[in-house]
Q: 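Would you mind keeping the following structure in view while I ask a few things?
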Amino acid sequence: MTDEIYALLKDQIINHQIVPGEKINIDQLARELEVSNIPIREALSRLTAEGLVNMVPFKGMYATDMTLQELDEIFEIRMELECLAIRKAASNIPNSLLVDLKMDMERWSNKKPEENTERINLIAEMNQSLHGVILDYCLNHTLKNLITMYIERIQRYLTVIQKRMDQQLIEEEWHEHMLVISCLATRNVEEAEQALQKHLINSHARTRSFFI
């Protein structure tokens with residue numbers, strides 16, 4: 001029960017159904033979900049540990065505010081962790097998987113999505129293909145979980161900008177992802193890490209520009 005409520009509330013926070021800064025009414029949630037307050041409090045405690053919920057003493061639980069400082073800090077940490085992950089993963093990713101990734105990227109290069117939902121789905125597919133593979137093959141479960149947590153916190157910001165993304169942004173993302181994959185395919189770990197680092201720097205700048 002706690003796991004289900006945790007997943008539900010996380011999704012609502014990331015997708016702004018519970019907006020940043022909004023107070024989370026535990027009693028109301030208990031009535032809507034027809035459960036006691038206990039699993040809701042347990043779920044909120046987990047979300048607090050992940051930085052998505054903020055507990056204010058004597059006032060209650062709130063969805064964490066979104067700030068430029070938080071965005072900058074998350075990207076700074078994510079960059080360090082994911083560069084470590086790609087160094088650990090580079091020699092473990094099978095050649096056949098890298099060939100498949102390249103084929104997927106070439107197939108996506110011909111897509112020119114017109115609908116916003118299609119653009120969001122395309123970006124999500126590219127991200128999962130590259131970043132998901134890096135995390136799967138870094139062979140460090142704790143590292144994978146940490147990076148996933150920070151990616152989920154960044155997703156709150158991406159939810160906002162994805163409504164306004166254009167074809168140029170998609171093409172920039174495509175070229176950056178493709179460069180990382182190409183470096184991995186040649187087993188050039190140093191260049192793969194540099195390409196990933198540049199991609200994350202650019203992603204940070206693109207995301208930040210929507211909130212300045």
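The figures here come from the full heavy-atom set of this structure, side chains too, leaving out hydrogens, waters and symmetry mates. This chain uses plain numbering: 1 for the first residue, then up along the sequence. Just so we're clear, the structure is a prediction, and the values are computed from it rather than from any experiment.
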Q: Taking ILVMFWY side chains as joined if any heavy atoms are under 4.5 angstrom apart, and letting links pass through other members, which residues group with V99?
A: M103
Q: Could you tell me whether the side chain of I123 reaches within less than 4.5 Å of the side chain of L158, counting heavy atoms only?
A: no
Q: So, K88 side chain and C83 main chain: donor-acceptor pair closer than 3.5 Å or not?
A: no
Q: I'd like to check the side-chain contact (heavy atoms from CB on, under 4.5 Å) partners of N145; sequence neighbours left out, ordered by chain and number.
A: H141
Q: Mind listing the side-chain donor-acceptor pairs of residues 195-203 below 3.5 Å, one per line with the distance, residues two or more places apart or on another chain?
A:
residue, atom, partner, partner atom, Å
H199, ND1, E176, OE1, 2.7
H199, NE2, H131, NE2, 3.4
N202, ND2, E176, OE2, 3.0
N202, ND2, K198, O, 3.4

Q: Is a side-chain donor-acceptor pair under 3.5 Å present for N95 with R187?
A: yes
Q: For E76, is the CD atom crowded, meaning more than 12 foreign heavy atoms sit under 6.0 Å from it?
A: no
Q: Does any non-hydrogen side-chain atom of I151 lie less than 4.5 Å from one of I74?
A: no
Q: Does D11 use its side chain to pair, donor to acceptor, with the backbone of A7 at less than 3.5 Å?
A: no
Q: For D27, does its backbone N or O pair with a side-chain atom of N25 as donor and acceptor, under 3.5 Å?
A: yes
Q: Among all residues two or more places apart in sequence or in another chain, which pass the side-chain contact (heavy atoms from CB on, under 4.5 Å) test with L139?
A: N92
Q: Hey, can you tell me if Y157 and F211 have their rings parallel, tilted or perpendicular (30° and 60° cut-offs)?
A: perpendicular
Q: Do the charged groups of E190 and R87 touch, with an N to O distance under 4.0 Å?
A: no
Q: Evaluate the criterion side chain to side chain contact (heavy atoms under 4.5 Å, CB included) for residue pair E193 and C183; output intermediate values, then yes/no.
A: CA-CA 9 Å; E193 181 183 353; C183 292; over 6 Å; no
Q: Begin with the C-alpha distance, continue with both residues' side-chain angles, and end with the deciding distance and a verdict on side chain to side chain contact (heavy atoms under 4.5 Å, CB included) for M66 and V160.
A: CA-CA 11 Å; M66 293 167 56; V160 175; 4.2 Å; yes
Q: I'd like to know whether L33 forms a side chain to side chain contact (heavy atoms under 4.5 Å, CB included) with M1, so could you lay out the CA-CA distance, the side-chain angles of the two residues, the decisive distance to 0.1 Å, and finally the verdict.
A: CA-CA 10 Å; L33 300 175; M1 178 65 71; over 6 Å; no
Q: Does E73 use its side chain to pair, donor to acceptor, with the backbone of E70 at less than 3.5 Å?
A: no
Q: Any donor and acceptor pair, going by atom type alone, linking the side chain of T159 with main-chain N or O of Q155 inside 3.5 Å?
A: yes
Q: Evaluate side chain to side chain contact (heavy atoms under 4.5 Å, CB included) for M178 paired with K102, printing each intermediate quantity in order.
A: CA-CA 7 Å; M178 191 62 167; K102 271 196 166 185; 4.2 Å; yes
Q: Search all heavy atoms of I24 against all heavy atoms of A63 and return the closest pair with its distance.
A: CD1-N, 4.1 Å
Q: Can you hop from I181 to V189 via hydrophobic side chains spaced under 4.5 Å?
A: no
Q: Can you give the donor-acceptor pairs under 3.5 Å from side chains of residues 46-56 to other protein atoms, not counting sequence neighbours?
A:
residue, atom, partner, partner atom, Å
R46, NH1, D3, OD1, 2.7
T48, OG1, L44, O, 2.8
E50, OE1, Y6, OH, 3.2
E50, OE1, K10, NZ, 3.2
E50, OE2, Y6, OH, 2.5

Q: Is F75 close to T207 at the side-chain level, that is, under 4.5 Å between some pair of heavy atoms?
A: yes
Q: My understanding is that a hydrophobic cluster links ILVMFWY residues whose side chain heavy atoms are under 4.5 Å apart, including indirect links. Using that, what else belongs to the cluster containing L179?
A: none
Q: Hey, does the side chain of S109 reach the backbone of W174 with a donor-acceptor pair shorter than 3.5 angstrom?
A: no
Q: Please indicate whether L68 has more than 12 foreign heavy atoms, meaning atoms of other residues, nucleotides or ligands, lying under 6.0 Å from its CG.
A: yes
Q: I want to check something: taking the side chain as every heavy atom from C-beta on, are E173 and N127 in contact at a cut-off of under 4.5 Å?
A: yes
Q: Is there side-chain contact between R153 and R78, with at least one heavy-atom pair below 4.5 Å?
A: no
Q: Less than 4.5 Å apart, any side-chain heavy atom of L101 and any of H177?
A: no
Q: Indicate if L71 and I14 have the same hydrophobic cluster label, given that clusters are the connected sets of ILVMFWY residues with side-chain heavy-atom separations under 4.5 angstrom.
A: no
Q: Does the side chain of P20 reach to within under 4.5 Å of the side chain of Y62, using non-hydrogen atoms?
A: no
Q: Does the side chain of H204 come within less than 4.5 Å of M79's, by heavy atoms?
A: no
